[in-house]
Amino acid sequence: MEEYDIHTKDGTTDYQNRPAIKKNTGTWKACPYILGNECCERLAYYGINTNLVNYLKFQLNQRNVVAVNNVTNWSGTCYVTPLLGAFLADAYLGRYWTIAAFSIIYVFGMTLLTLSASVQGLKPPCDTNNVCHPTGLQAGVFFMGLYLIALGTGGIKPCVSSFGADQFDDSDEAEKKNKGSFFNWFYFSINIGALVASSVLVWIQTNVGWSWGFGIPAVAMALAVVSFFSGTQLYRNQRPGGSPLTRICQVLVASFRKFRVKVPGDKSLLYETADEESVVKGSRKLDHTEDLSFLDKAAVETPSDKIKGSVMAWRLCTVTQVEELKSLVRLLPIWATGIIFSAVYSQMGTLFVLQGNTMDLHVNKSFEIPSASLSLFDTVSVIFWVPVYDRLIVPFVRKFTKRNNGFTQLQRIAIGLAISIFAMLAAGTLELVRLNGVRKHNYYDLKHMPMSIFWQVPQYFIIGCAEVFTFIGQLEFFYEQAPDAMRSLCSALSLTTAALGSYLSTMLVNIVTDVSTRDGKAGWIPDNLNYGQLHYFFWLLACLSVMNLGFYLLVARWYTYKRAVVPNH
């Protein structure tokens with residue numbers, strides 16, 4: 001593994017000419033190990049997440065609303081913990097060692113989860129009617145393993161995509177073009193793991209047992225660790241640049257201390273280091289931008305900013321430090337629009353599964369498909385659309401836009417947001433048709449009504465298409481627009497939309513349940529969905545998605561891109 005300060009003094013990236021960097025490191029040579037790690041880790045994650053609602057409902061004997069909320073709360077936590085992992089990576093450990101350390105925690109969590117489903121005394125006992133009665137200890141051990149996994153994924157998720165992108169040199173046009181392609185194939189590898197999880201693992205969990213169903217993901221996670229360490233000698237590893245939170249706080253404190261100070265009209269008078277290299281380790285200098293001008297006060301020099309020639313960091317900041325904070329602030333409105341999209345996406349692991357439980361699960365007379373396995377059609381959709389997008393759509397659009405990546409990242413995200421609306425409309429329409437059949441034929445107390453579960457395929461397939469545009473677009477956008485020394489943190493920031501989307505889904509379910517069950521009514525989402533009105537919930541999400549798209553188009557139109565300083569030659 002080669003460690004370096006990723007940028008040279010002229011502000012560009014130069015892997016080939018620095019003697020400390022070997023020519024045979026990085027690029028696609030290093031990526032198979034990173035992609036293999038991600039594929040196995042996602043197989044482990046989705047091996048738990050995809051069917052978790054059914055484990056909670058049947059093995060831990062939880063009601064529908066409780067099980068759905070526990071799934072969304074855990075999923076949300078899995079996307080909040082990346083903030084911790086990202087901070088450690090950017091400030092102290094670097095991405096390589098953060099991934100390595102948190103992977104070990106992940107393996108411990110997977111092991112504990114497997115033991116809770118297989119060892120007598122830890123496994124919930126079930127009576128002759130297959131109704132399980134877990135003790136507090138058994139439930140506690142299960143949730144301890146589950147939340148150790150949430151902590152483990154927090155160190156991997158924000159770092160691994162950025163670590164893969166670090167293997168490509170921005171100053172080399174061929175490598176820079178390959179970096180855009182890397183994000184597509186990175187997401188492709190995620191979905192290969194998810195495909196195995198949602199098909200093979202869900203079938204094993206349903207038909208063989210939960211001990212095998214959790215044990216196989218545990219082995220997959222161990223393989224992920226092996227894959228990652230196997231590529232160590234080929235990796236390019238950027239050194240951590242110090243605490244980004246400290247730099248942010250310094251800019252805020254300095255700005256408020258100087259709130260009466262006037263920013264000069266000539267922005268070249270703002271403070272920046274005389275050296276061509278940025279004071280932020282591992283980061284290029286950033287050009288001044290006009291918006292958020294209040295923060296520029298932190299870079300206005302005053303007599304009290306220096307003591308004996310030394311700059312006081314909490315009184316005077318460089319333009320680059322100020323622009324780092326501006327970049328983060330500008331990302332926030334774009335980031336916020338990902339929350340409702342993530343709430344839509346989270347329905348695949350909760351209400352789509354419960355909707356599928358009420359339908360005919362038969363593939364043929366002898367084989368039933370678990371309802372949670374329908375998410376494989378989301379995965380198949382992604383696996384289909386990634387190469388179509390990368391090899392057909394991008395070259396076609398490139399002819400008109402003259403951009404290497406075809407669409408801008410913001411355009412790509414917008415297309416995905418629009419597509420996601422149709423997923424909720426499809427799900428709501430299917431539920432309305434299903435309920436009409438229930439009422440017409442009096443199927444209220446029938447466990448599986450005679451309507452094939454494969455009518456759910458369109459809603460899964462549409463979400464998969466939306467993912468290819470929005471999620472991959474977000475990955476690339478947050479990496480590119482992040483300050484160089486905050487890329488893990490910004491990747492984690494993009495992931496928190498998934499957490500907040502899950503929490504938003506939980507909040508909406510709770511609100512809808514409270515309001516719709518007044519006066520003794522069954523409500524929108526009762527334990528027996530045949531008495532409910534689940535389609536109203538899907539249409540509520542569709543309406544929120546339309547409003548979200550409108551807000552996104554407004555903020556994307558006014559977005560200001562970050563500008564790295566171009567060296568003079």
Side-chain angles (χ1 to χ4, degrees), residues 49-68 70-71 126-132 197-210 213 346-380 423-424 426-463 509 513 516 522-539:
N49 183 68
T50 304
N51 209 19
L52 181 59
V53 69
N54 280 332
Y55 185 88
L56 295 175
K57 182 175 180 178
F58 298 113
Q59 299 300 118
L60 295 188
N61 200 16
Q62 295 184 346
R63 295 175 62 249
N64 272 355
V65 170
V66 176
V68 166
N70 272 327
V71 172
C126 303
D127 58 28
T128 53
N129 296 320
N130 284 328
V131 177
C132 299
S198 59
S199 54
V200 177
L201 284 179
V202 171
W203 186 89
I204 289 172
Q205 288 165 352
T206 306
N207 296 282
V208 178
W210 291 98
S346 72
Q347 303 314 307
M348 287 195 301
T350 53
L351 292 178
F352 282 15
V353 175
L354 296 178
Q355 183 188 46
N357 284 344
T358 67
M359 302 174 78
D360 182 6
L361 306 178
H362 284 91
V363 177
N364 53 43
K365 289 183 179 180
S366 59
F367 181 74
E368 290 187 358
I369 186 170
S371 59
S373 284
L374 263 289
S375 63
L376 69 87
F377 288 100
D378 163 72
T379 307
V380 167
M424 288 298 95
T429 302
L430 174 64
E431 183 63 11
L432 184 61
V433 171
R434 192 190 72 79
L435 286 177
N436 285 339
V438 168
R439 292 176 188 129
K440 183 177 180 180
H441 300 287
N442 196 28
Y443 289 148
Y444 287 102
D445 296 315
L446 200 64
K447 187 176 181 182
H448 301 289
M449 68 172 292
M451 181 181 188
S452 174
I453 193 173
F454 289 101
W455 284 105
Q456 282 192 310
V457 170
Q459 63 207 54
Y460 282 102
F461 200 82
I462 294 169
I463 286 184
V509 167
T513 301
S516 64
W524 289 10
I525 315 172
D527 285 340
N528 184 344
L529 291 179
N530 293 335
Y531 290 96
Q533 294 172 313
L534 182 59
H535 55 293
Y536 286 161
F537 188 81
F538 291 138
W539 288 344

Can you sort out the partners of V438 under side-chain contact (heavy atoms from CB on, under 4.5 Å), two or more places apart, ordered by chain and number? R434, Y443, Y444, M449, N530

Just by distance, do the side chain of N51 and the backbone of N54 share a donor-acceptor pair under 3.5 Å? no

Roughly how far, to the nearest 0.5 Å, is CG of L435 from NZ of K440? 14.5 Å

Check side-chain contact (heavy atoms from CB on, under 4.5 Å) between V457 and all other residues, then give those that pass, not counting sequence neighbours. L374, F377, F454

With sequence neighbours excluded, tell me which residues meet salt bridge (charged side-chain N to carboxylate O under 4.0 Å, His left out) with D527. R63

Please name all residues satisfying side-chain hydrogen bond (donor to acceptor under 3.5 Å, both in side chains) with N442, sequence neighbours left out, ordered by chain then number. none

Apply the test side-chain contact (heavy atoms from CB on, under 4.5 Å) to residues L201 and T50: give CA-CA distance (whole Å), side-chain angles for both, the deciding distance (0.1 Å), then the verdict. CA-CA 9 Å; L201 284 179; T50 304; over 6 Å; no

Could you tell me the separation between the NE2 atom of H535 and the CD atom of Q355, rounded to the nearest 0.5 Å? 11.5 Å

Those residues that, when tested against Y55, pass ring-ring contact (aromatic ring centres under 6.0 Å, His included) (two or more places apart): F142, W210, F214

Set of residues satisfying side-chain hydrogen bond (donor to acceptor under 3.5 Å, both in side chains) with respect to S371, sequence neighbours excluded: N357

Worked verdict on M359 versus L430 for side-chain contact (heavy atoms from CB on, under 4.5 Å): CA-CA 11 Å; M359 302 174 78; L430 174 64; 4.2 Å; yes

Kindly assign one of parallel, tilted or perpendicular to the pair W539 and Y536, based on the angle between their ring planes and the thresholds 30° and 60°. tilted

Residue list, side-chain contact (heavy atoms from CB on, under 4.5 Å) with E368, at least two apart or on another chain: L361, H362

Q59 meets the side-chain hydrogen bond (donor to acceptor under 3.5 Å, both in side chains) criterion, sequence neighbours left out, with none

So, using side-chain hydrogen bond (donor to acceptor under 3.5 Å, both in side chains) as the criterion, who are the partners of Y531 when residues are at least two apart? D445

Please list, chain by chain and in numerical order, all residues satisfying side-chain contact (heavy atoms from CB on, under 4.5 Å) with S346, sequence neighbours excluded. S502, S505

Closest approach of A426 to I462 (non-hydrogen atoms, all atoms of both residues): CB-CD1, 4.3 Å

Does W455 have any ring-ring contact (aromatic ring centres under 6.0 Å, His included) partners at least two apart in sequence or in another chain, and if so, which? none

Where do V65 and I525 come nearest, in terms of heavy atoms and distance? CG2-O, 4.0 Å

Are any non-hydrogen side-chain atoms of V71 and N49 less than 4.5 angstrom apart? yes

Can you give me the closest heavy-atom contact between I463 and A423, atom names plus distance? CG1-CB, 3.4 Å

Judged by modelled atom types alone, do E431 and Q459 share a side-chain donor-acceptor pair under 3.5 Å? no

Roughly how far, to the nearest 0.5 Å, is CD1 of I369 from CG of N364? 11.0 Å

Check whether any side-chain heavy atom of W203 sits under 4.5 Å from a side-chain heavy atom of V208, and report yes or no. yes

For G532 and P526 the tightest heavy-atom approach is CA-CD, 3.5 Å

The ring-ring contact (aromatic ring centres under 6.0 Å, His included) partners of F352 (sequence neighbours excluded) come to Y460, F538

Ring pair (Phe, Tyr, Trp, His ring centres under 6.0 Å) assessment of F537 paired with W524: CA-CA 7 Å; F537 188 81; W524 289 10; 7.1 Å; no

